[in-house]
Structures are given as C-alpha cells and as structure tokens.
Amino acid sequence: SQTIHQWPATLVQPVGSPLSLECTVEGTSNPNLYWYRQAAGRGLQLLFYSVGIGQISSEVPQNLSASRPQDRQFILSSKKLLLSDSGFYLCAWSAGQSTQYFGPGTRLTVL
Amino acid sequence: QKEVEQNSGPLSVPEGAIASLNCTYSDRGSQSFFWYRQYSGKSPELIMFIYSNGDKEDGRFTAQLNKASQYVSLLIRDSQPSDSATYLCAVNGDSNYQLIWGAGTKLIIKP
C-alpha cells in the first residue's frame, strides 16, 4: 500500500529565516505530487504541483519554491519566511488521476 | 475561474439523524466529485468520490450528484459524534492533476 510522509510535524521559525519541508511517498511510482497551504479556518490553497522529476508548476507567485529531486520526493523551500507564510502545509499525491491522498501535514508558525 | 462553494456552517445535527452537506460547482463540464473529511488539526482524508454518471453509497455515506442544478451532496446516515469534522468538497479542474476545492463545511454532531 502507499504511504506519504511529511516532516517536520511542527515548526516555529523567525521571520526572515529559511524553510525546508520534505515529503516522500512510498509504494507507488511516478506519482503526481502537490503542495498545499491551509490558513487557519480556511480552505486549501494549491501552491505547487509536479508530474515528474524536475517538473514543477507554480500556482501562486510568492516567496516559496518547490523541487522534486527524486521521483517520490517533493521539497518546499523558502529563503526568507514572512509572517504570512504561517499555516498548515500539506503534501499530497495522486496516481495520474484526480484522487489525491494527503500526508499528515506540517504546522508552520512564523514569529 | 472555476469555483466550488460550500456553506461554512457550523451545521449542527443530533446524533442518529441524517446529516446533509451540499457543494455547488460552477463548471457544467465537471466530471469528478470528491468528499474529504478533516478533523481539527489533521490532514484531509478521502471519504468517497463519484463521477458524473451516478451516485454512490458506502456504508453510512451517500454521495449524490444533481447535474441540472450543479451541486453534489453528501448524506451521512445515523450520524455519530465521531462524524464531527469539516467536510471538504472538491471537483476536477482543467486537468487530471488539479482539483478545485471548496472551503469546507463544519459539521457538529450533538449527543
């Protein structure tokens, strides 16, 4: 069966610090991968998605970037965090169709 | 711009009753419809999905599509306190890689 991992689970970072969140998927090959952000009490905002190694599509211009160095690894980064970057970051995967499955998420607080 | 709308709630339902959640979508050509459940502080988990060709029942959950009025419903029979959560509706986007998300409806089941 497929599993998806995210780490860290929680993170508290000062404004202006860098960020690196990691997501890995097991039990499937060539998944589509997604990064979402969910602000408190809000819906899901798609940040990036990837259909293959090195292929990244950005949905929202911002100070975040994503990379996919390996087939089942997806990384979300920032060089300098803003207060507005606080939120619940979710990684998801799909097997070429629309059904998406989510990881446990990373709760980021920027102070 | 494709949109999915949900009443934010909270929707309060007595234990044992039927909870009815609705979601409207803007694109008449939408083909796939998804319901996710999200407990507070947790990531969304897939409950069920349906395609434009019919409704689906899975245990206490039934998803129904009304194409003429462009809404999809989730019915939860014999509601339990453990069903208390936010329910997210999603509809396929322009590609198989993307989902358009509603902001979610908070459901509270009162014992």
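Throughout, protein chains are lettered first and strands after them, A, B, ... in sequence-line order, and every chain is numbered starting at 1.
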Novice: Assigning hydrophobic clusters by single linkage (Ile, Leu, Val, Met, Phe, Trp, Tyr; side-chain heavy-atom cutoff under 4.5 Å), is B:Leu11 placed with B:Phe61?
Specialist: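 Yes, one cluster joins them.
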Novice: Could you tell me the separation between the CG atom of A:Asn32 and the CD atom of B:Gln98, rounded to the nearest 0.5 Å?
Specialist: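 Atom-to-atom, A:Asn32:CG and B:Gln98:CD are 10.5 Å apart.
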Novice: Pick one of side chain, backbone, both or neither for A:Gln38, based on which atoms fall under 4.5 Å of a heavy atom in chain B.
Specialist: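 Just its side chain gets close to chain B.
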Novice: Mind checking the OH-CG spacing from A:Tyr36 to B:Leu99? Nearest 0.5 Å is all I need.
Specialist: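 The CG atom of B:Leu99 is 5.0 Å from OH of A:Tyr36, to the nearest 0.5 Å.
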Novice: Above 12 or not: heavy atoms from other molecules or residues under 6.0 Å from CZ of B:Arg60?
Specialist: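 Check passes, neighbour count above 12.
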Novice: Please round to the nearest 0.5 Å and tell me the distance separating atom CG of A:Leu44 and atom OH of B:Tyr36.
Specialist: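 Here the rounded value is 9.5 Å.
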Novice: For B:Lys106, does the NZ atom sit with more than 12 other heavy atoms under 6.0 Å from it, leaving out its own atoms?
Specialist: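 Atom NZ in B:Lys106 is not packed in, count stays at 12 or less.
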Novice: Where on B:Gln38 is there a heavy atom nearer than 4.5 Å to chain A: the side chain, the backbone, both, or neither?
Specialist: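 Just the side chain, heavy atoms under 4.5 Å.
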Novice: Does A:Lys80 NZ have over 12 foreign heavy atoms under 6.0 Å away?
Specialist: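 At most 12 heavy atoms, drawn from other residues, nucleotides or ligands, come within 6.0 Å of this atom.
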Novice: Just so I understand: if I count every heavy-atom pair under 4.5 Å between each of A:Pro104, A:Ala40, A:Ser57, A:Gly105 and chain B, which residue has the most?
Specialist: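 It is A:Pro104.
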Novice: Do the side chains of A:Gln100 and B:Trp101 get nearer than 4.5 Å, heavy atoms only?
Specialist: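 In contact.
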Novice: Do A:Leu108 and A:Leu83 belong together in a cluster built from hydrophobic side chains that touch within less than 4.5 Å?
Specialist: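 Hydrophobic grouping puts A:Leu108 with A:Leu83.
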Novice: Transitively linked via ILVMFWY side-chain contacts under 4.5 Å: B:Val91 with B:Phe49?
Specialist: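 Shared cluster, no.
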Novice: Looking at every non-hydrogen atom in both residues, tell me the closest pair between A:Phe88 and B:Gly41 and how far apart they are.
Specialist: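 Closest approach of A:Phe88 to B:Gly41: CZ-O, 3.9 Å.
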